[in-house]
Student: 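What follows is a single structure, and I will ask about it in a moment.
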Amino acid sequence: MTANALPQFIRKADPAVLTAFGCIILLLVIGGIYSRSFLSPEYLLQQLKVASFLGVIATGMMLVVLLGQIDLSVPWTVTAGAMMACAVAAYGPVGVALAIPFGIFCGALIGAINGIGVAYLRIPSMIVTLATNAVAQGIMVIYTGGFSPQDSATDAMRYLATGTILGIPNAAIIWLILGVATVFVLGRTSFGRSVYGIGNRERAAYLSGINTRRIVMIAFAASGALSAFGGVLLAGYASKAAQSMGDAYLLPAIAAVVLGGTSILGGRGSYMGTVAGVILITLLQSILSVMQMPEAGRQITYGLLIILMLLLYGRSPAIR
Amino acid sequence: MEGAGPLFQMEGISKSYGGVRALQDASLSIRAGTIHAILGENGAGKSTLIKVMAGVVSPDQGQMMLGGNPVQFASPAAAMEAGIACVVQELSLIPELSVADNVVISNPPQRFGLIDRTAQRRIAEQSLLRAGAGDVHPMALVKDLPLSRRQMVEIAKALTRKPRILILDEATSALTASDVSKVFEVLKRLRSEGLALLYISHRMNEIAELADECTVFRNGRNVASFPAGTKSDGEVVQLMIGREYQNVYPEKPTAQADAKPLLEVQNLSWANRLHDISFGVKPGEILGLGGLDGQGQRELLLALFGVLRGLEGEVKIEGKATKLDSPASARKKNVGMALIPEDRKTEGLMLPMSVRDNLSFASLDMLTVRGIVDKTKEAQSIDEMVKLLAIKTGALDSPVSSLSGGNQQKVVIAKWLMRHPRIILLNDPTRGIDVGTKQEIYLLMRRLADQGAAIVFYSTDYAELIGCCDRVLVMYNGAVETELLGDEITEHALISSALHIRPKENQPRERVSR
Amino acid sequence: YAEPEVVSGPAAEPDCFAPWSADTKFFKFPKKDGPYRIALANGYIANTWRIQMVQTAKAYAAQPDVAAKLKEFKVVSTGEDVPAQISAINNFIDSGYDAIVVNAQNPTAFAPVIKRAKEAGVVLVAFDNTLDTQDAINVNVDQKGLGVLWGDWLVKHLPNGGKVLEVRGVAGTSVDTDRHNGIHETLQASGKDFKVTEVMGKWDDGVAQKVAADAIATNGPFDGITAQGGDTGVVQAMIDAKHPFVPFGGETENGFRKFCAKFSGEGLKCTSAGTGPAQVAVAIKTAIAALEGNVVPQSVKLPLAIVSDPDFKDGQDYFSGESDNFFVGNSFPTCGINFTAQEIMGQSKENQ
Amino acid sequence: MKDWQYRLAEHRGTLIALAIFIVMFAIYTANHPAGFTANVVQTAANKGALLAFVAIAQTLVVITAGIDLSVGMILLLTNCLASWVVVGSPMETAFGAVLVLLAGAACGALNGAIVIYGRLQPIVATIATGAVFYGVALLLRPFPGGSVNEDLADALTGKIFGVVPASLIVLLAVILLVWIPFSHSVYGRAAYAAGSSEPAAYISGMPIRRGKFLAYTLAGLVAAIGGLFLTFFSYTGEAAYASGNAYTLFSIAAVVLGGVSLFGGKGSAVGAVFGALAFRTIGDLLFVFDLDPLWQPLFQGLILLAAVSLGAFALFRVKNRLEWFL
Ligand SMILES: Nc1ncnc2c1ncn2[C@@H]1O[C@H](COP(=O)(O)OP(=O)(O)OP(=O)(O)O)[C@@H](O)[C@H]1O
Ligand SMILES: Nc1ncnc2c1ncn2[C@@H]1O[C@H](COP(=O)(O)OP(=O)(O)OP(=O)(O)O)[C@@H](O)[C@H]1O
Ligand SMILES: [Mg+2]
Ligand SMILES: [Mg+2]
């Protein structure tokens, strides 16, 4: 039974996902040749933990990309989520208890504004999310400049981001739970089906009686919430929130989703691919950083490797 | 002018898409100065054949000869160079460019290396005129034109290339009778000028009027070639579908029960395009919408389906005034409406998605429990529909884009029938569909009506309206011009109302634009 | 307006306006009557340092004795884009401001503006990221000296050399390069065997923490650490990896100093020095002095706010109850500028 | 409809951008302490022209339904290169400038090759090439510095006859010598057509590959003109990552404000130029309104949000909901 299940699983898997996982193994082998410590469990678990933050953020990005949209408001949504969660923790035990949900809620709010812009005002997502990012930044600047809000993470945030259960980082467990939920939502719920449908052809989805605007709106709100949750975890990891802590997550999130075989045009892509993309990007960044290459060389290698991997499996079909 | 050897020959052409054999050892031979018709049911491989001819698709096997010399086309541009122009089934116009830009697209006039807009305009005007589309403004954007006008532009575009071989793949499927007759004049003139024309259509009467020679395709092969007029329609259809051909239209019920109208429309108006429309449809009734294309029939259907904003007037379902402001509200249980949209590729289907996902897409709300899809129920419903409509597909998990036009259309219909709708709006559902499938659809419509559905059926094909409908509303300029009942539905009545023929007036035609 | 006269020192307030080096020129601008219109052309704003800096500038301009000399004090932040900042300065010049204080996005890019300011007789004072020029006043932090300080600290604590983790800043900036060179040259000059692992922390806690964690997992353990910024994150990475505490040369973030005080006994021997955002006040003070016709050095050397183990005192060198994110070291006593961190950032919600 | 109505419809996006710009600039100069003077216009023009070049570059790619997220990095790369080579005698300077333009065109061509022949999606392909270009810029200028022929720099950022900003003349020249010929050529039309409907363009036998390739290459070239200008403006080169990213994002905003459709096939670089100028004026408005410094970023964000939402008003006139979905 199991002997049969495995080849079936591999046969059904997207070649893009398989290649992405192949690239991960290749990277680890190269890293391992450079230094044995790249294969040490500590290092791998550490990467898994760090990848989880990007993984949570990329999950939201993937939802939006499946719709054929993009979310450029990630940087300041991450920051806002982190800062708001920490800030609310200053208000007594209730504040501490509400810290995480409140941070996520703020992200959902930003996402909802994106959603209104994209779904109801029909502004291209690339530009609404750019604008809301600027607005979120503005609000955070005023907020931290006016007085000094509490910005240290709560114990719960610390625990989620840095704790372990049986040696497995909690962050990775969270990502796993979130991932399973996402796979379920995308594959088995009418929301997920609608997301794919809208990504392929919104007009047809609308005429099929789907409330496409609501779905788009929910997807953006979810993306905002997940970015903010990523921010909350990052704050837990660093044990505090800080301005512009989300800057480093926008391009990697997009790259991870696309390296995982999700079409940037929407309608096609699997969550396993995103998982592979996230791990790939995290490992790549980490190995390049530790290999002591000067920044210039690192950037060039990073760029070239992404292009190379995409050329391996990320090409659109030829017209003929 | 005839009598010489064939101008173009194809031999042993095969083409497979994955597991699907679109063409299998097909051959064809066409002569200059003739119109060669290609017939075949949906998915027979006609479009694939001409795509090979036009350099759009490269064959897996086989040779092509042009004027006796072997040729191979690396791209559409190469085929064009060789004098083959193509009006394809999937329109090849660029929506954001103007009509003039599109017409001269393959070889725009240039001055100093830049496109000469004045000359381009002149050429475009001439071509449009030649194609019988002088009413299209050359500066209008293609995306703003109705489908029928786009088809005319497409023909004008092909003519601009001064081809030796002109291929029309269901070029007339979106056209109304008057446009068709204009196009026919053009085609006949071209034939007399010595062109070879390849003509694909599912409309037998068109082929009878035009063709000199016919070739029938079935399952990717050419099964017979014969001079036009040497076989009866019945024989031809039998060749196409490989079985006996019977009367196309199902029996109409003799008298309607005196039921209350299920759908009622009162004084419906919209944005200068629909004017004061009132009618009702009873359960079991098939109400036809007739008239020239673009007289508001599509808008009427969209209005009923909740797509249009700012409607005036009232829509009643079972006598209750009901506000329909989205397809979502129109498909609700208490309304139970379904719309088979105009353009299946952009409005009916998500082409890259699987047949399965497309089939269940409109019924997700009924197949889910608290938002979660019930897989068993879904599979059951899908099986039921595939059987009901005899959808031909390799695998349900293959993308719906790999189905032939007719089967795609069946998927669109099936996805709505899965909801068991009470009110069914059909927007030209048989466009580009072979006779066999058409017949299945007519039968289905009648069966649904007999089961108590109210059907509103718009068609550009008069014969269909006559054959299927219990009642026909002929529309003109956004209003109901005439209502024809039972035996009143004749070709003569349809055409004269459609053309708004009153003794004195002679309406000048406006330039078409939206 | 005439150009400033180049005169000989000393400056008007020699303790505050200390010249950068022995051969620094001194300027005497033609005296102008007050009150003055002064502008601050800031670049990027969305990080704690810059926010704190802007707040300090406002607070300083609002101090009664300063406010009395000012007719207008205007702040514009133009973001990361150098041309936008250049344009802002041009606009200030065209609008007739008397002095412009600038935190330059790029030290070399302002030559054309400096020219224009000079022609218009506007006093231009640069601070933090200063300008490569002899024609404007620079209020300088000795970035390389900072690197040297950290290098010396490590040399002192690691008499036999060892493995050092260097967490650098943003690639391609002069601050990063200067500090790195300071560290590098000092370690090399010591003659000891230092093996340095460099990673780029981008002066950001999150980034620094991640790269430090990676470096520890692959190249660790280290015998000493130095970081230019994001130091709190670096210490956090050590804690998370259960890396033993080692000598550390770092910046002046409150969070970092909190850690230094807390873990001093366990081996986290720190020196914390840097460039507090309050230097903007020195820059404004310099501008006013110049407008008043006082002698000022072309290049002012700011004192470093240095605190080293075991001298970290709560409530003075760090604030255990406050945010990790702000920069301590806001007082320049020689200039009469004595903001405490709380005055700027510490208006907590209770006293709002 | 009459001919002029079609023409108006064709240029609507550009005209709206022009109107937005004029209104904003009028508010700006009316409140500027120095008023509407040649100096104020020159300052605004220099800053605006720089973004306008990047916006033209972005437009070239966007009309093919692509997007160039590396455009800001090409700007940096060419800026760093220019700070090495555009110096010395007039001959050397001229040679250097040509070299810089070629380098930019090569970057664009690389993007084009990867997108067209490698068949990668432009968004990701250019994220990756952007990293490469930035790396090269950093190799050229590990830290800020370099120099430029200052006479040329001053001439091109100065005023002609003491009134007209030279940067605007250069901008006009780029439009006349690059954009107009391209958009009126067969390849330009192929680029538009590919952006509007690539399969249709392909079936129509248009030279889509060459058209798109040319568009990407010219985008690199125009971005390099921007890079040159940045060098003239600042006399130096700097590989500032954040600044490169900012230009990329600004160029997208400018292009949208300029009525260019991000879905491809529609819009004009002239509109994008006005979009860029309008976008820059948003920043300038800070200067004339006495806002608390901490409120400035929010103010800018809100104006941007409002400006991009302007297009949504047309939505309320849409009577057929299907038009929401293109
Ligand atoms: N791009 C494609 N990918 C996979 N299968 C295809 C593709 N195009 C066509 N086919 C298959 O090839 C067969 C022939 O299709 P073709 O479009 O040539 O039929 P046709 O005779 O033109 O039918 P219709 O009358 O419906 O237009 C069909 O079975 C179709 O499913
Ligand atoms: N979008 C496309 N996807 C895949 N193949 C294409 C596409 N467009 C063109 N081709 C192929 O590229 C070749 C040249 O096509 P086309 O004439 O459009 O390009 P060109 O720019 O004129 O030529 P080239 O790029 O080869 O110099 C043809 O073989 C065609 O099959
Ligand atoms: Mg066909
Ligand atoms: Mg068909």
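Naming: A, B, ... by sequence-line order, numbering from 1 per chain.
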Student: Is the count of non-hydrogen atoms from other residues, nucleotides or ligands lying under 6.0 Å from B:Glu81 atom CD greater than 12?
Tutor: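 No - once you tally the heavy atoms of other residues, nucleotides and ligands closer than 6.0 Å, there are 12 at most.
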
Student: Check the surroundings of atom CZ in B:Arg309: do more than 12 heavy atoms from other residues, nucleotides or ligands lie under 6.0 Å from it?
Tutor: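 Yes, the 6.0 Å shell around CZ holds more than 12 heavy atoms from other groups.
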
Student: Please give me the minimum heavy-atom distance between B:Gly55 and D:Tyr202, naming the atom from each residue.
Tutor: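 Answer, listing the atom of B:Gly55 first, then D:Tyr202: O-OH, 4.4 Å.
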
Student: So, for D:Tyr6 and B:Met139, which heavy atoms are closest and what is the spacing to 0.1 Å?
Tutor: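 Minimum heavy-atom contact is CD2-O, 3.6 Å.
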
Student: For B:Asp101, what residues pass the side chain to side chain donor-acceptor pair (under 3.5 Å) criterion, not counting sequence neighbours?
Tutor: B:Ser98, B:Gln120, D:Arg189

Student: Working to the nearest 0.5 angstrom, can you tell me the gap between B:Gln110 CD and D:His184 NE2?
Tutor: 12.5 Å

Student: Kindly compute the distance separating CD1 (D:Ile203) from CD1 (B:Ile105), expressed to the nearest 0.5 Å.
Tutor: 12.0 Å

Student: Quick one: closest heavy-atom pair of B:Pro108 and D:Val186, and the distance?
Tutor: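 Heavy-atom minimum between the residues: CG-CG2, 3.8 Å.
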
Student: Quick one: are D:Pro181 and B:Leu114 in side-chain contact, heavy atoms under 4.5 Å?
Tutor: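 Yes, close enough: below the 4.5 Å cut-off.
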
Student: Give the intermediate values and the outcome of side-chain contact (heavy atoms from CB on, under 4.5 Å) for residues B:Leu302 and D:Arg321.
Tutor: CA-CA 9 Å; B:Leu302 290 178; D:Arg321 293 190 175 94; over 6 Å; no

Student: How close do B:Lys157 and D:Ser204 get, counting heavy atoms only, and between which atoms?
Tutor: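 For B:Lys157 versus D:Ser204, the nearest heavy atoms are NZ-OG, 2.6 Å.
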
Student: With only heavy atoms counted, which part of B:Val104 is less than 4.5 Å from chain D, the side chain, the backbone, both or neither?
Tutor: side chain

Student: If we only count heavy atoms from C-beta on, is the B:Glu96 to D:Tyr192 side-chain gap below 4.5 Å?
Tutor: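 In short, these two side chains do not touch, never coming nearer than 4.5 Å.
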
Student: Enter the distance from D:Met206:CE to B:Ser75:OG here, rounded to the nearest 0.5 Å.
Tutor: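 Taking CE in D:Met206 and OG in B:Ser75, the distance rounds to 13.0 Å.
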
Student: Nearest 0.5 Å, what's the NE2-CG distance between B:His137 and D:Asp3?
Tutor: 4.0 Å

